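Reviewing the structure listed below.
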2 protein chains.
Amino acid sequence: MPNQSSSTLPNDGALMTISEVAQRCDIATSALRFYEQRGLIFSTRTSGNQRRYHSSMVRRISVIKVAQSLGLSLEQIAAALATLPKQRTPTQEDWQRLSQLWHDDLQQRIEQMQRLRDNLGGCIGCGCLSLKRCQLMNPDDSAAGAGAGPRYLLD
Amino acid sequence: MPNQSSSTLPNDGALMTISEVAQRCDIATSALRFYEQRGLIFSTRTSGNQRRYHSSMVRRISVIKVAQSLGLSLEQIAAALATLPKQRTPTQEDWQRLSQLWHDDLQQRIEQMQRLRDNLGGCIGCGCLSLKRCQLMNPDDSAAGAGAGPRYLLD
DNA sequence: GCTTGACTTAAAGTTAACTTCAACTTTTAT
DNA sequence: ATAAAAGTTGAAGTTAACTTTAAGTCAAGC
């Protein structure tokens, strides 16, 4: 894909103002300042102290939004972003590596939800009065369960 | 299954104290009072004003916890619980109907997560600078997209 | 060169879902 | 009968993720 031109992205290489980035990423400027305060993003300043963003920040912010929609906290996201190279703009491979991390996490969460989906009726409707001991609510302790398949422990 | 006996459940038909319920459901007593305040659960009172719970409350609370793990807010859960019969203890069918509601919701959320999982690398790594226009982030507006399969809108 | 819109900061406010605290009152066990 | 454990209430505190507000500063267009 050759170089692209868009309405909210200024000429190649130019820095963006906070509201340009905000519009571009569909996020509030207050959220951008907040993210910066939390160390998730950064910017340079004009002589008059206004923020200016490198265009690569747009991707970074997009990634933050995807990660959030996966249910990650800003703290977790910040930790992941911290693994990106500080001194150069992240490459596609850098981003891929990051996404692989989340892919695995996501996979597990999907599996848990599928278990929940498939047993929701059985679990809610069954005589199982204590979810504390129900496999569905405790996917971690697989020790007790012998064999596969759903299992709702009755008292 | 015949009648059961457990350490935290008193004789059949007896009312439970708040800490018995708390232990049984693996939840804090403060949370139970909070739920009652929000109308999710209820109890009777002793002459001395202490709460006593009908054993069916245990299932109700378990359902609240499952629903929470599905990502529903207490408000949404309260709305669902409000559809249960007020004057009698909910039957298995009542609970089944409720779980069916959540099953469908869960199914959609799983599908969205799967899309996200399958395209995470592509989306994050691709030239798509604006998730605002990326199908992945906007599963709602399927209008623009013709045909199936992943789609990351490049600028 | 001046007005207007965009920006800046720090601090306080917001919502969800609880927890903690303080000051009492009930129950239960001995 | 009484001491300790358990329960009650209302109010304030907590965390996440922001938003809103106030009081001012910067940048851009005419």
Side-chain angles (χ1 to χ4, degrees), chain A residues 7-11 14-54 57 60-81 137, chain B residues 7-8 10-11 14-54 57 60-81 131 137:
Chain A
S7 58
T8 39
L9 188 72
N11 351 353
L15 295 173
M16 303 170 78
T17 67
I18 195 168
S19 57
E20 280 167 346
V21 172
Q23 193 185 339
R24 180 82 183 181
C25 297
D26 198 24
I27 195 174
T29 58
S30 61
L32 292 177
R33 293 198 193 90
F34 178 72
Y35 288 167
E36 183 171 321
Q37 198 182 304
R38 292 306 196 78
L40 281 94
I41 62 177
F42 43 87
S43 57
T44 56
R45 298 291 180 120
T46 63
S47 56
N49 198 37
Q50 295 196 355
R51 289 175 180 79
R52 287 298 179 267
Y53 296 89
H54 187 265
M57 231 7 99
R60 192 176 175 106
I61 293 160
S62 300
V63 169
I64 292 170
K65 293 188 76 180
V66 170
Q68 275 195 307
S69 85
L70 298 187
L72 301 184
S73 69
L74 290 186
E75 197 178 339
Q76 293 175 300
I77 298 169
L81 290 175
M137 294 307 307
Chain B
S7 59
T8 39
N11 350 356
L15 295 173
M16 304 170 78
T17 67
I18 194 168
S19 59
E20 281 167 345
V21 172
Q23 193 185 341
R24 179 84 183 181
C25 296
D26 198 24
I27 196 173
T29 58
S30 60
L32 292 178
R33 294 198 193 90
F34 179 73
Y35 288 168
E36 184 172 318
Q37 198 182 303
R38 292 308 197 78
L40 282 96
I41 62 176
F42 43 88
S43 58
T44 55
R45 299 292 179 120
T46 64
S47 55
N49 198 39
Q50 294 197 355
R51 290 176 181 79
R52 288 299 179 265
Y53 295 89
H54 187 264
M57 233 2 102
R60 192 177 175 106
I61 293 159
S62 300
V63 169
I64 292 171
K65 293 188 77 180
V66 171
Q68 274 195 306
S69 86
L70 298 187
L72 301 185
S73 69
L74 290 187
E75 198 177 338
Q76 294 174 299
I77 298 169
L81 290 176
L131 287 177
M137 293 309 306

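Chain naming here is simple, since letters A, B, ... match the order of the sequence lines and numbering starts at 1 in each. Note that this is a predicted model, so its numbers are computed, not measured.
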Which part of the nucleic acid, if any, lies within reach of A:Arg33 when heavy atoms closer than 4.0 Å are counted: base, sugar-phosphate only, or nothing? base
When you get a sec, tell me which of C:dC7, C:dT27, D:dT9 is the closest nucleotide to the side chain of A:Gln50? C:dC7
Whole angstrom is fine here: how far is it from OH in B:Tyr53 over to P in D:dA6? 16 Å
A:Glu20 to A:Leu15 - nearest heavy-atom pair and separation: OE1-O, 4.2 Å
Expressed as a whole number of angstroms, how long is the span from A:Arg52:CZ to D:dA27:P? 7 Å
Spacing of A:Glu20 atom CD relative to C:dA6 atom P, expressed in whole Å: 11 Å
Could you state the CD1-P distance from B:Ile18 to C:dC18, rounded to the nearest angstrom? 14 Å
Taking all non-hydrogen atoms of both residues, which atom of B:Thr29 and which atom of B:Ala22 are closest, and how far apart? CG2-CB, 3.8 Å
Gap separating the OG atom of B:Ser69 from the CD1 atom of B:Ile64, nearest 0.5 angstrom: 12.5 Å
For a quick test of reading the model: is some side-chain N or O of B:Thr46 closer than 4.0 Å to OP1 or OP2 of C:dT26? no
I'd like to check the side-chain hydrogen bond (donor to acceptor under 3.5 Å, both in side chains) partners of B:Ser73; sequence neighbours left out, ordered by chain and number. B:Gln76
Below 4.0 Å: OP1/OP2 of C:dT8 and any side-chain N or O of A:Arg51: yes
Between A:Arg60 and A:Glu36, is the closest basic N to carboxylate O distance under 4.0 Å? no
Length of the CE-P vector between B:Met16 and C:dT27, whole Å: 18 Å
Distance check: side-chain N/O of B:Thr17 vs OP1/OP2 of D:dA6, anything under 4.0 Å? no
Looking only at non-hydrogen atoms, find the nearest pair between A:Leu32 and A:Ile41 and report the distance. O-CD1, 3.4 Å
Whole-Å distance, B:Glu36 CD to C:dC18 C1', equals 15 Å
Atom of A:Tyr53, atom of A:Phe42 and distance for their closest heavy-atom approach: CD2-O, 3.6 Å
Compare side-chain N and O positions of A:Ser47 against OP1 and OP2 of D:dC26 and report whether any pair is under 4.0 Å apart. no
Whole-Å distance between C:dC18 C1' and B:Ile64 CD1? 14 Å
Treat primed atoms plus P, OP1 and OP2 as sugar-phosphate and everything else as base, then score nucleotides 15-22 of chain D 5' to 3': B for base contact with protein heavy atoms under 4.0 Å, S for sugar-phosphate contact only, - for none. -SBBBB--
